[in-house]
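Notes follow once the structure below has been shown.
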Amino acid sequence: MLRFAVVGIDHGHTFDHVKGLLASGGEFVGYCPQTSVPALREAFERTYPDAPQIDREKLFEDPSIDVICISAIPRDRAGLAIRAMKAGKDVMTDKPGVTTFAQLEEVKRTVAETGKIFSICFSERHCVRSAVKAGKLVKEGAIGKVIQTLGVGPHRLQLPTRPDWFFDPEAFGGIIVDIASHQVDQFLFYTGSTAGEVIASSIGHFGMPDKPAFQDFGEVLLRSDKAAGYVRVDWFTPEALPTWGDGRLTILGTEGYIELRKYIDIAGRPGKDHLFLVNGTEMTHIDCSDEKLDYFDAFTADVASRTETAMTQDHVFEVCRLSLEAQTKAARIGAR
């Protein structure tokens, strides 16, 4: 049985990690209660009242723990992951797993030296049932050869819940690194690309004049030897929308297309995980609410067998590289 612990509960995605690994048969050993968001720790305590709170150094030193899950402040995730891998543990981290090129190189060196797994749980693919179903349809050839992805990741600010580091680009890595890494991951995955290049990118500040360093808009144009991709991310989800963001993905193929309305079908069907498939023989809506999330089972198997079925290590590193490059070279638009 895989035994795992949590170090860093500064983002709500930590719940996805724990829930997923428990469903895959893992044993939750405990967690470090250190956090920059006390309300998140309180929610964690309510959700997992029997999980012990343990000093993080003791968790790193415990030889019986196989995996450390990390949802710390983004700038701290790489350092914690390196510490965990050097202590003999595999790592599942929230996105972004790194916020600088220097961190990426150090993580690469540590993976090479230790042989440990550095996995980023890209929740907008790994924890979204419609995204899992889309991957299966693409693999089956339902829309022919994929030639482009169009991904949007709008988010609601939810200001009362945000800690100070949320507005500091050095802490969260910038909007492209922080949010658009999801869409970069999806571009590579659905197009079957092992590498890509950044053609153009922009970051903007259009709102919140009292937070001049904050980035509330980002876009990226991507290309590989197989396909093209466009990404838009922002913090402008309006209050009337009954969810945190109307995340969508359109996958264009030579014989059809797939559109995902991941979290809501506005003014339409209830619930989430809506998939629309259009090709030469059908135009249909698929309710993906019962689709199994296979990332956590695959990750658990990889830990046991030292394989790369959940996601290759090279894929993780390429998502990080492209996200960092797009963030670094981005033109600045909006308020100066």
For the backbone of [Y] and the side chain of [X], can you confirm whether one donor and one acceptor N or O come within less than 3.5 Å of each other?
{"X": "D90", "Y": "V303", "value": "no"}
{"X": "K329", "Y": "V198", "value": "yes"}
{"X": "T254", "Y": "K145", "value": "yes"}
{"X": "Y190", "Y": "A131", "value": "yes"}
{"X": "E318", "Y": "G196", "value": "yes"}

Pair [X]-[Y], side-chain donor/acceptor within less than 3.5 Å:
{"X": "Y31", "Y": "T14", "result": "no"}
{"X": "D287", "Y": "S289", "result": "yes"}
{"X": "T99", "Y": "R75", "result": "no"}
{"X": "S305", "Y": "T307", "result": "no"}

Is any side-chain heavy atom of L22 less than 4.5 Å from a side-chain heavy atom of K19?
-> no
Examine F15 together with F44 and report whether their ring centres are nearer than 6.0 Å.
->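 F15 vs F44: aromatic centres under 6.0 Å.
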Could you label the plane-to-plane angle of the [X] and [Y] rings as parallel, tilted or perpendicular, counting under 30° as parallel and over 60° as perpendicular?
{"X": "F28", "Y": "Y48", "answer": "perpendicular"}
{"X": "F276", "Y": "H274", "answer": "parallel"}
{"X": "W244", "Y": "Y263", "answer": "tilted"}

Between [Y] and [X], is the closest basic N to carboxylate O distance under 4.0 Å?
{"X": "E325", "Y": "R321", "value": "yes"}
{"X": "R261", "Y": "D273", "value": "no"}
{"X": "E291", "Y": "K136", "value": "yes"}

Just wondering, more than 12 heavy atoms not from Q158 lying within 6.0 Å of its CD?
->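 Counting other residues, nucleotides and ligands, CD of Q158 exceeds 12 neighbours.
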R162 to F167 six-membered ring, cation-pi geometry met (6.0 Å, 45°) = no
Pick one: which of D297, D302, D294 meets side chain to side chain donor-acceptor pair (under 3.5 Å) with T309?
-> D302
In this structure, CD of E259 is separated from OG of S130 (nearest 0.5 Å) by 10.5 Å
